[in-house]
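These notes are about the structure you will find just below.
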Amino acid sequence: MHDYVVRELPVLVEAHFPASDKRGISGHSMGGHGALVCALRNPGRYQSVSAFSPINNPMDCPWGQKAFSRYLGEERSKWREWDACVLISEASEKLPLLVDQGDRDDFLATQLKPEALQQAAKAANHPLQLRLQPGYDHSYFFIASFIEDHLRHHDRALLG
């Protein structure tokens with residue numbers, strides 16, 4: 001999926017639509033983690049990145065450990081290149097990150113762990129705007145409530 005999103009999809013879009021080579025990436029939940037990983041692993045490829053309720057530190061959560069062991073094998077050192085918290089510490093590019101998280105998300109404490117991303121960004125002096133939104137959960141209503149902010153974030157980076 002990484003190669004498709006990072007390489008194949010942009011070629012298709014740019015071949016069939018009046019698009020420039022300026023790119024932003026965003027996602028929700030595991031897709032939010034994917035957006036962070038795609039941007040962090042590919043410096044210069046994206047001008048903006050944002051995420052809603054991303055799984056921030058999959059090496060240290062039950063879902064991530066289950067998925068990584070099945071997709072990447074049991075050797076945990078191989079997992080590092082797919083964990084946003086690790087990638088932030090090694091990032092050569094300091095692309096500003098916008099992350100929104102609902103404080104009523106059932107996955108907040110056990111799976112999403114936004115505090116891990118915040119700590120990693122702070123330690124690496126990586127720009128992160130992490131917003132904990134009161135009363136919101138993991139739903140699409142949450143995304144719909146804050147999507148304009150994310151579009152403006154991308155607009156500033158891509159057009160501003």
**OP:** Kindly indicate, with the supporting measurements, whether the criterion side-chain hydrogen bond (donor to acceptor under 3.5 Å, both in side chains) is fulfilled by His150 and Asp100.
**Re:** CA-CA 9 Å; His150 286 245; Asp100 271 310; 2.7 Å; yes
Subject >> Salt bridge flag under 4.0 Å for residues Arg41 and Glu93 >> reply: no
Original post:
According to the interplanar angle, ranging from 0 to 90°, do the rings of Trp82 and His2 count as parallel (below 30°), tilted (30 to 60°) or perpendicular (above 60°)?
Top reply: perpendicular
Closest heavy-atom contact between [X] and [Y]?
| X | Y | value |
| --- | --- | --- |
| Val5 | Pro10 | O-CD, 3.2 Å |
| Ala35 | Ile25 | O-CG2, 3.7 Å |
| Val6 | Cys38 | CG2-SG, 3.6 Å |

Do the side chains of [Y] and [X] get nearer than 4.5 Å, heavy atoms only?
| X | Y | answer |
| --- | --- | --- |
| Cys61 | Thr110 | no |
| Trp63 | Ile55 | yes |
| Trp79 | Pro58 | no |
| Asp149 | Arg131 | yes |
| His33 | Asn56 | no |
| Leu87 | Leu36 | no |
| Arg104 | Gln133 | no |
| Ser48 | Leu158 | yes |

Rounded distance [0.5 Å steps], [atom1] in [X] versus [atom2] in [Y]:
| X | Y | atom1 | atom2 | result |
| --- | --- | --- | --- | --- |
| Leu112 | His138 | CG | NE2 | 6.0 Å |
| His154 | Leu98 | NE2 | CG | 7.0 Å |
| Asn57 | Ile88 | CG | CD1 | 10.0 Å |
| Ile147 | Ser50 | CD1 | OG | 6.5 Å |
| Asp3 | Leu9 | CG | CG | 12.5 Å |
| Leu130 | Glu115 | CG | CD | 9.0 Å |

Does a sphere of radius 6.0 Å around [atom1] in [X] hold more than 12 heavy atoms from other residues, nucleotides or ligands, not counting ones at 6.0 Å or beyond?
| X | atom1 | answer |
| --- | --- | --- |
| Lys66 | NZ | no |
| Arg80 | CZ | no |
| Asp106 | CG | no |

**OP:** Could you walk me through whether Gln65 and Arg76 pass side chain to side chain contact (heavy atoms under 4.5 Å, CB included), step by step?
**Re:** CA-CA 9 Å; Gln65 292 168 351; Arg76 292 179 64 93; 4.1 Å; yes
Original post:
Between Ser53 and Ser29, does a side-chain hydrogen bond (donor to acceptor under 3.5 Å, both in side chains) hold up when you go through it step by step?
Top reply: CA-CA 5 Å; Ser53 307; Ser29 195; over 6 Å; no
Original post:
Out of Phe146, Phe142, Phe141, which residue meets the ring pair (Phe, Tyr, Trp, His ring centres under 6.0 Å) rule with Phe52?
Top reply: Phe142
Original post:
With Lys113, which of Asp83, Asp60, Asp105 fulfils salt bridge (charged side-chain N to carboxylate O under 4.0 Å, His left out)?
Top reply: Asp60
Subject >> Short side-chain to backbone donor-acceptor contact, His126 and Pro96, under 3.5 Å >> reply: no
